[in-house]
Each structure stands twice: as structure tokens, then as C-alpha cells.
Participant: 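First, the structure itself, so that you have it in front of you.
Chain naming here is simple, since letters A, B, ... match the order of the sequence lines and numbering starts at 1 in each. Everything numeric here is computed off the predicted structure, so don't read it as measured data.
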Amino acid sequence: MSKIKAENVNVYYGSKQALFDVSIDIAEKEVTALIGPSGCGKSTFLRCLNRMNDVIEICRVEGSIKMDNLELNSRKLDVVRLRESVGMVFQKPNPFPKTIYENVAYGPTIHGIAQSKEEMDQIVETSLKKAALWNEVKDRLDEIGTGLSGGQQQRLCIARAISVSPEVILMDEPCSALDPIATAQIEELIDDLKKEVTIVIVTHSMSQAARVSQKTGFFHLGKLIEFGPTDKIFKNPDNQQTQDYITGRFG
Amino acid sequence: MSEKPHIVKSYEEQLQLLKDTIVKMGTGVEKQLENTIQSLVKKDISLAEKSIKDDELTDKYEINIEEQVVNLIALRQPMAIDLRETVVALKVSSDLERIGDLAKNISKRLTKIGTDLPNDITKNFEIAGLKASKQVNAVLNSYLHRAKDTAENVWNSDEEIDQMTNSNMEAAVKHLEKNKNDIQKVTQLLFMLKNIERIGDHATNIAEQVYFLITGDYLEGDRPKG
Amino acid sequence: MNNFKQNLLKKRYNAERRFQWYGKIAIGLALSFLAVFMFQIFSKGYSAFQKTWIVTEVHYDKELLLIDAESPSKDDLENADYYDVAYKAMTSLDPGLPEEEDRQLIQMVSYKYETEVKDLLLKNPDYLGKIVPIKLTASDDVDQVHKGNYPRDIPEKNRRVNDYQLQIYDMLNERGDILSEFNISFFTSPDSREAELAGIASSFMGTVFSILVCLAFSFPVAVLAAIYLEEFAPKNKFTDFIEVNINNLAAVPSIVFGLLGLGVLLAVFNLPRSTPLVGGITLSLMTLPTIIIAARASLKAVPPSIREAALAMGASNMQTTMHHTVPLSMPGTLSGTIIGLAQALGETAPLILIGMVAFVNTIPGTPVDPAASLPVQIYIWSESAERGFVEKVSACIMVLLAFLILMNLAAQIVRHKFEKKWS
Ligand SMILES: Nc1ncnc2c1ncn2[C@@H]1O[C@H](COP(=O)(O)OP(=O)(O)OP(=O)(O)O)[C@@H](O)[C@H]1O
Ligand SMILES: [Mg+2]
């Protein structure tokens, strides 16, 4: 089933066009990987899905992006509500310089999700458990989140993102700063999360895309060149450019 | 479909070496098979002995290719066409090794029974053997030139060898009914005929691999059965 | 390695070494200027923290005090006439002196000596009728003689202390009746025309009130302006124009702000002249751009990733700013504010224009009482002729410097202690 349906999305930064007629169907409770060379517009597309491009003044998005038949690219959309249901994890771990507890509790606090302190404690605990971080931090929830290791910080960011029970999680190169163990932990986490959540992940690691995703989209120069089942893309892509890219023949 | 070279040159070189090794191994196996058949045609047992000896080289090639493939998978994590190239190389090498083995097996039987054999059966064996040789040669060409059509042809004409083998074996049995004294030689010849058929099957296997290598798809339809 | 390369390498190392030396010399020069300046101030000023007393005896004679009651009340003591008693206390130092020459003795103590005589009795009523020793503030001239600042070998007519007074001073000094003690009154007394009595209490309080008023006005305004400009205002020509003007404002000479204070606060709004209220508001005009610039810089320094994190969690712009950006920028803003205030602390010109240069001999209790300020006090004293004021100027500079150093230290501490580390 389709969760997000983008149709003919064009994105401009000022007069420079960054995405050209991108149409993509993101299936529910699946992992969709977006790959492509640097500057091809993966992040730009990802940021259309939670309207983070609003922050960039010169950025203009055209076309239709529907999530469960709700038009996301509309002025009337309440972005605060959208971002409650579409979480995001960034390339560089960016926990707030606050305590671990506060980091996870921030979303539920501003969205009024927890009614009581006990409920909040519960949310923090389950989020951290889901993010496979609970055991490492349960005795030091009041320590500053930025004091954790890179991999722990990234898992904290994931815990923060899932604390509001989003329907979709967007991840922009979440493992690019992590060692293989931390990467594996996060990949395992993605596998786990996809039972409940739709995940869109941008990655530069072909093997990571191949490992974690069910569908893969290949972007090049702002265009979606090929989109299909991951095994097809990595075994026998239809498009020559895709093949050249994934086999390391680019340029 | 000609691919651009890889950005990483050493990767490119490794893949090329793998292809070259397959081709070399194929050429060796072809030669082995030719020697085996010619040994009977020319009634020269030393050719059969050479074929037996050359099988060692074929085995070595197979081991070498296996190593190369494992290395590529471990160190390069090949994708798409490169992945198919690697996996196909592994399978093709094992089919080629089997062909080599079968040629060696025929040669061994030849050395046991000598070249003084009933003419009609020898003739049949020669025809089937040459046909199988041609299949092997064609499939190796299709690998070398990435020729999808040639591979398909090989795949389709395997049936001929199968049918040939069936009638050849019937003929051999008839011959035995008339000449009960030839029992020793004809029994060996029956195995040799069967081996030719098996060689044809392995050539077909390789054709399937080549087809997959080029297209990423599997050959459609029921495989011609013997 | 060939010769050419080796020479090149050597040259490069030499160039680097030379450069380091230039740097060291520059720093040395700057430090030595500072050292000379400090030495100057300290060597002149430290004596101002010492006060010279002359010890003599006073006879609280009921008759001379014109007290009739047998057991006089506090009021009686308050209203008694101390003129004769005080006069006698001084003249008793040299009973043989002809009456018309008495002035010479009286001049050796401050003109407030009568009050000092009175205060001692008020504090100890049982001294009535007794002869007790008393400490009297030495006059400015005797003070300077005692501190060795006054050359004795110039001709008598050019000296403010004549030969007779010197003779008495020497006698007293030999007897140990000249005391030198820590000058508490320098800190507790307001300004005075007499150097020996002048203190910085009035100007110190004036400065404190001015700074508080300045903080109260400039901080909220500047921080709000900075937040709006940095986080909410659209980036267009108009906001660029505002930004340029704020930067220009920071470069405007302070005297212009003084004129503004004079023309607007005093003339239009009729606020009380010479008060820390007006002074503080005027100074806040000066600190405003400094704080805005500091606050904007520290808002800018908050990594965008934190803002993105908050926005992506579904925080509104306002929440992102108030929950994350502003708290993270506070250490920088605060230290910028303190530095801005420290600048204001040293300002003289605008305060002179709004009348805080007036002679104030009361200690202000509120920001609307007339007051001076430390830098203006320095200016006033440095204009005075008496020798005693020279050391006061230096002492006042020392106090001002201490104040400044403390504030800068506070800024450093705020910055280092509360600055959050982000990855
Ligand atoms: N804020 C911006 N202002 C102007 N142009 C931008 C901005 N962000 C991205 N672009 C441009 O849009 C294009 C796509 O950028 P995007 O960040 O989406 O690439 P990407 O695929 O995520 O690359 P990477 O893999 O390096 O993260 C690039 O050409 C980039 O120069
Ligand atoms: Mg990106």
C-alpha cells in the first residue's frame, strides 16, 4: 500500500532547479532507500516530505505530494502536525545540548502527548528501548545528550524521532559518521521499526541501501532515474546510468 | 552492451583477469575434449593420455577462479553486472571442470579398451562427440563475445545430442546382441556415449549462465530434456 | 636533498622565526605600556588609601559647652556649643602661641574638626567634663607633608605649610601623635571641596545606579531586537539597512548620545538633571548596539543543526527560538552585555552633558537623586588645584579599574562556565 505518493515534484533554489518531475510511490511499512551521487537532490526530495524546505527562503516546491491522500505541498497544511507524524533523523547526530531525558521528552512535551510524569517516563523508556539505547543510558538519563558517543547520539536522535510515534521517519545519511558496529545497530533498528513505520533513508552506501531497503530509487542530476525493488536494482537494473553508478563506473 | 570502465582501475583489472581465466580454462577444456575424440578418430592412444594429463590443469584453473571470485565478493562487493559476472564465473568454471572430468573419464576408458573397436559404434561416437565439441566451443564464444543469440542456440540444440545419444545407445545394444564377444568394449562405449551427452548438458548449463550474465534473466521455457 | 632546496627550507624557517619575534616584541611593547601606566597610577594613588590623623586632647568642659543641665540629655549634647572646646583642643598643642597666631594651628586640621569633636562626645556621653585624647583629620597640607609628597626645601612663602606648622608637625610626629590609618572615609564619604575629606561614595553609587538603569533599559530591548532580526525578520533590503544602521550606531561618538540625552530626556521629558536615571538611559543608547551585535553574533553561532532538530520535531519557530536558540545564545549575549556595560562604565562625555558633573556632596539613595559617577569624579578631581586631589584621582582610577576588571572577569566566567558544548 502506498503511504506517500509524489507526483511531478519540481524544486527550485532561487532560479536553480534541483528536482525535475520526480514521481515516486513510497510504500507503507517498508524501507525505501534513495541513492545517487552527491548533489543529485536526495536530501532536497527527503526534505519535501516533512516540509523542511520551508526553512530555506529561496526554496520553492511545485507538484503534488500526498500522504494518505493529504496534500503535503499545500499552504493550508499545518506543518507542526505534519512533522509530528513525519520524523527526521539527520546526517550529523544533533541532539539538543540538554539531558538525555529532555531530548527524548521534548517532542511529547510540545505536542502534549503525555498527560503525567509517569506517562512521560514511560514514553522516554520505550523510545530509548526501541532505539536500542536504553541499556546504555538508563542510569544516566540526566546527563547531557551531547556527551554520548557518535553512535549513541545518533540512536538518541532516533529515540527522539520515534518518541512522538510518527508514521514516517526520514533519515538523511544516518550512518555516515558511524563505525560499522553502530551502523549495524542502526540497521537492525531500521529493520525493527519498519514493522510499524514507513522509512525513507538516503544513503551513500550501496551495500547499506541493499541491506536495509525493499525499494530503491536512484537519483541523478535532480531526476529520479530508476525506482524499483531493491534486489532488482542491485542485481539487474534497467537503466544504464543506474548500473554505472552502483557498479562504480560513474564519470 | 559495452560497459564503461570502472573508476577503480584495479577492480577493472581483477574483473578482466577473471574473464580471461575463464576463457583460458575454456580453451583448455576444449582442447582436452578434442584430444579425447581425436584419439579415437586417429586411433592414437597418446592423445587420450594427454587429455587425462591436461585435466590437472583444468582442476587448477577451477581452484584459481574460485579464489578470484571469493576475493572479489569479499573485497569489492560487486553489484549488478559485476555481481553477475562474478557469480557466473564461479558456476561456469565448475561446469567446465565437469566437462574436463568427463573428457578425462572417456579417455581413461579408451586407454582401457584400446582403439580397436567396432566401426559402426565408433562412427556414432565420433559424430556425437564432434557435436558436443561444437556446443562447447559455441558457448565459450558466446561468453567471450557476450552473444546472447549464440547462447540461446546452444541451449536449443542440446536436444539433438540427447536424441543422438538415445539412438546411439540403442545401436550399441543391437550390436552387442549380434556380437556377444564385444561385451567388454561395448559396455565401456555405452558409458562413453552417455558422457558425451553429459558434456552437452554442461554446455547447456553454461549457455544459461551466459544468458543470465548478459540479460539478468533466466532462459524461459522447459529445458530440453534427454 | 639538493642545496637549493635546503636553502629554501632554511629561509622558510628563518622567516617564521623572525615573524614570531615581531609578534613577541609587539606584545612586549603593549605589556610595558600597560605596566608603566599601572605603575604610574599605583605609585601616585596608593597613598590615598591612607588617612593622616592628628592626636590631641580635648576637655569637654561643661561651661565652655554652655550646658546647664545636671545630667544633660542627648538633645542638650546635640545643641551644645563646641566651638570653644574644639578651638582649645588645637591651641592646647602650643599654649605659648599668641592668640592672633592661633589660626596657624587650626589650619593643621580639616575644617570639620569641630564636628569630629562633637561626634566623639555624642558617641561617648560619659566623656562630659573629662579630658580625653581625640583623633582629628589632618588638613590636606599636613596629610601631604606626612606622606612625604610635599617638599620642605622650597622657600616658605611658596609653601602652603609654613615653618611654624612644620615645627609643630615634627613635634607631634616625634611624640607619635600623628597617625596614619586606612582611609575608610574615602569609600564612605561623598565628594568634598577639601581633599582630605573627599570620598567616592557618591560617585560610586551614582555609577552603580547608572549601570543598573542602563542594564534595565538596554538588555531587554537589545535582546528582543536581536532575536527578531536574527530569527524572524525576513532578509531583505530593509533589514539590511537596519543592520547597517545598528553597526553605525555602535561607532557614534558617545558625546553625541550625551547631546541626545540633554535634548530629549531633559528638555522634552523633563527628567531630573544630574541623576543616574538620565545618565543610565543615555548610556543605554550607547550599549544598545553593542548588546544587539553581541546577541546576534551568539544567536548566529548556535549551530543550524539544533534549529533543524527542533523544527523537525514539530516545534514552531517561536518554540525553537525560545526553547533552544535563545538559551544557547545566552552566555554569549550576557558576556557581550557585561562588556557593553563595562564600556558604559568608563564613559564621561555623555554624563558631563546631562549634568552629572555637578558637585554632589550627598550619597544618592535612589536613581533619581543627583549623583556623579566614577569617571566624571576623576575628571572633576583632576581639574582641582589642591595637591591632595592628585592622589585621589589615581585612587579613583584604581577603583574604576578594579570595577572594570571585575566586570570583564564576570563576562569571561559567564562565557566559559555556561557555554554549552555542542557536537
Ligand atoms: N540551501 C540551498 N540553497 C541553494 N541550493 C541548494 C541548497 N541546498 C541544496 N542546493 C542545491 O540543490 C542540489 C541538490 O542538493 P541536495 O542537498 O538535495 O543533494 P544531495 O543529493 O542530498 O547531496 P549529498 O549526497 O551530497 O547530500 C545541489 O545542486 C545543491 O547545490
Ligand atoms: Mg544530502
Side-chain angles (χ1 to χ4, degrees), chain A residues 43 46-47 49-58 78-99 102-113 144-150 152-154 156-157 160-164 166 169-172 177, chain C residues 226-243 295-335 413-423:
Chain A
S43 302
L46 201 67
R47 292 161 64 93
L49 304 183
N50 68 344
R51 291 277 296 268
M52 278 302 277
N53 283 329
D54 289 13
V55 180
I56 301 165
E57 269 174 60
I58 54 166
D78 181 355
V79 289
V80 166
R81 294 287 301 281
L82 170 68
R83 288 171 189 161
E84 186 184 343
S85 52
V86 181
M88 189 162 196
V89 178
F90 295 83
Q91 172 171 8
K92 236 181 72 186
N94 56 355
F96 301 128
K98 302 183 179 222
T99 66
E102 285 169 326
N103 261 284
V104 183
Y106 185 67
T109 309
I110 58 172
H111 294 298
I113 290 173
I144 297 294
T146 38
L148 296 172
S149 79
Q152 289 173 326
Q153 284 187 25
Q154 194 63 303
L156 178 60
C157 291
R160 182 177 67 189
I162 56 186
S163 64
V164 292
I169 296 182
L170 311 174
M171 299 186 169
D172 196 345
Chain C
I227 292 175
Y228 178 75
L229 281 176
E230 201 53 49
E231 302 291 324
F232 295 98
K235 304 273 174 288
N236 55 26
K237 287 255 160 58
F238 183 65
T239 41
D240 282 351
F241 176 74
I242 290 180
E243 172 151 16
R296 290 191 67 180
S298 53
L299 283 169
K300 264 207 192 90
V302 175
S305 62
I306 299 291
R307 258 173 279 234
E308 284 198 322
L311 288 173
M313 283 311 296
S316 63
N317 268 342
M318 182 76 188
Q319 287 172 323
T320 305
T321 305
M322 288 307 160
H323 296 168
H324 302 284
T325 324
V326 170
L328 287 176
S329 73
M330 254 320 139
T333 308
L334 283 180
S335 69
I413 290 172
V414 165
R415 172 161 306 190
H416 286 291
K417 184 136 191 211
F418 298 106
E419 202 163 54
K420 292 252 166 85
K421 304 273 175 288
W422 40 71
S423 52

Participant: Using heavy-atom distances under 4.5 Å, tell me whether A:S85 contacts chain C through its side chain, its backbone, both, or neither.
Facilitator: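 No part of it gets close to chain C.
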Participant: Would you say C:S298's side chain and C:S329's backbone share a donor-acceptor pair under 3.5 angstrom?
Facilitator: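 Present.
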Participant: Do A:F96 and A:E102 have side chains that approach each other closer than 4.5 Å (heavy atoms only, starting at C-beta)?
Facilitator: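 Answer no - side chains too far apart.
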Participant: Let me know if A:V79 has heavy atoms under 4.5 Å from chain C in its side chain, its backbone, both or neither.
Facilitator: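 Interface part for A:V79: neither.
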Participant: Test C:T325 against every option in C:N317, C:V302, C:I227 by the side-chain contact (heavy atoms from CB on, under 4.5 Å) rule and name the one that passes.
Facilitator: C:V302
Participant: If you tally heavy-atom pairs under 4.5 Å against chain C, which of A:R160, A:M88, A:R51, A:R81 wins?
Facilitator: A:R160
Participant: Is it the backbone or the side chain of A:V89 that comes under 4.5 Å from a heavy atom of chain C, or both, or neither?
Facilitator: neither
Participant: Any Lys/Arg nitrogen of C:E308 or A:R47 sitting under 4.0 Å from an Asp/Glu carboxylate oxygen of the other?
Facilitator: yes
